[in-house]
Amino acid sequence: MKNTITIHIEDKDDYTSPYNNHKLNAELLSYILDESKGIPLNHTIEIKVNSPHPFSKPEKNDFIEILRSNLGEDIKENYLEMKFTYIRAVFLFLIGTIFILLSSFTSIHELISEIALIVGWVGIWEACYIFLFDSIHNRIKIKKFKKLVNAKVIFNENK
């Protein structure tokens with residue numbers, strides 16, 4: 001099934017950032033991401049650009065390149081976040097394991113041993129939660145960004 005995100009561009013400079021003409025306007029990118037939220041991952045996405053002014057072939061290619069490059073940067077950013085989240089999870093798992101081992105070998109005081117055991121299990125639980133649940137959220141975002149990168153862009157110019 002195909003879903004369409006419709007964009008209206010009044011002026012050709014409306015889609016670029018006022019600070020960098022090689023970046024997509026932040027409001028436009030936010031709009032595209034908001035419009036894609038309700039689209040299931042198994043559906044294809046089509047981006048329809050309405051404009052009262054005709055776009056030349058290089059301008060169309062420029063728009064598509066800027067759109068895909070910005071979304072590609074978002075994909076890289078999400079992969080970077082996932083990497084650091086996984087590093088944090090491994091670190092928490094190791095700390096949790098160390099605390100559990102410490103609790104089993106510590107006979108100094110029963111209270112200290114119990115606290116170490118609780119801290120160890122909390123660390124392991126948090127690591128498991130990150131691997132099992134947090135990664136799903138990031139993977140869904142990455143799939144959505146990839147769908148948008150591969151979306152067909154159609155220009156509808158009202159001449």
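Keep in mind it's a predicted model, so treat the numbers as computed, not measured.
Taken from NZ in K48 to CD1 in I5, the straight-line distance is 13.5 Å, to the nearest 0.5 Å. To the nearest 0.5 Å, atoms OG (S36) and CG (L148) are separated by 4.5 Å. Taken from CD1 in I32 to NZ in K37, the straight-line distance is 13.5 Å, to the nearest 0.5 Å. The distance from atom CG of N3 to atom OG1 of T44, rounded to the nearest 0.5 Å, is 7.0 Å. To the nearest 0.5 angstrom, N78 atom CG is 10.5 Å from K146 atom NZ. In this structure, CZ in F99 is found 12.0 Å from OG in S113, a value given to the nearest 0.5 Å.
Residues that satisfy the side-chain contact (heavy atoms from CB on, under 4.5 Å) test with L132, not counting sequence neighbours, are absent from this structure. E65 is linked by a salt bridge (charged side-chain N to carboxylate O under 4.0 Å, His left out) to nothing, counting only residues two or more places apart in sequence or in another chain. Contacts of F63 classified as ring-ring contact (aromatic ring centres under 6.0 Å, His included), with partners at least two apart in sequence or in another chain: Y15, F155. Every salt bridge (charged side-chain N to carboxylate O under 4.0 Å, His left out) that K60 has, sequence neighbours left out, goes to E157. A search for side-chain contact (heavy atoms from CB on, under 4.5 Å) contacts involving I140 returns L41, I136, not counting sequence neighbours.
A donor-acceptor pair under 3.5 Å links the side-chain atoms of S51 to the main chain of I9, judged by distance alone. Side-chain atoms of S30 never come within 3.5 Å of backbone atoms of E27 as a donor-acceptor pair (strictly under, hydrogens ignored). The main-chain N or O of P40 is never found under 3.5 Å from a side-chain atom of K147 such that the two would form a donor-acceptor pair. Panel note: side chain T16, backbone K23; no donor-acceptor pair is recorded below 3.5 Å. Side chain of D62 to backbone of P58: no donor-acceptor contact under 3.5 angstrom is found. A distance-only check finds a donor-acceptor pair linking the side chain of N70 to the backbone of L24 [under 3.5 Å].
Hydrophobic clustering of Ile, Leu, Val, Met, Phe, Trp and Tyr side chains at less than 4.5 Å, counting indirect connections, unites I45 with L28. Under the 4.5 Å side-chain heavy-atom criterion for Ile, Leu, Val, Met, Phe, Trp and Tyr, V149 and Y31 are members of the same hydrophobic cluster. Under a hydrophobic-cluster definition in which Ile, Leu, Val, Met, Phe, Trp and Tyr are linked whenever side-chain heavy atoms come within less than 4.5 Å, directly or via other members, F131 and I124 are assigned to different clusters.
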Quick one, V119 with L102, criterion side chain to side chain contact (heavy atoms under 4.5 Å, CB included). Give me CA distance, side-chain angles, the key distance, then yes/no.
CA-CA 11 Å; V119 169; L102 182 69; over 6 Å; no
Report the C-alpha separation of L71 and L33 in whole Å, then their side-chain angles, then the decisive distance to 0.1 Å, and conclude whether the side chain to side chain contact (heavy atoms under 4.5 Å, CB included) test is met.
CA-CA 10 Å; L71 292 168; L33 295 175; 4.3 Å; yes
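Two residues are said to be in side-chain contact when any heavy atoms from C-beta on lie closer than 4.5 Å; E35 and T6 fail this criterion.
Among I118, L117, L111, I112, the one residue that satisfies the side-chain contact (heavy atoms from CB on, under 4.5 Å) test with I115 is L111.
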For residues 80-98, run the donor-acceptor check on the side chains, cut-off 3.5 Å, and write out each pair with its distance to 0.1 Å, sequence neighbours left out.
from	atom 1	to	atom 2	distance (Å)
T85	OG1	E81	O	2.8
Y86	OH	R139	NH2	3.0
T97	OG1	F93	O	2.8

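Closest approach of P52 and H8 over heavy atoms only: CD-CE1, 4.0 Å.
Heavy-atom neighbours of F145 CZ from other residues, nucleotides or ligands within 6.0 Å: above the threshold of 12.
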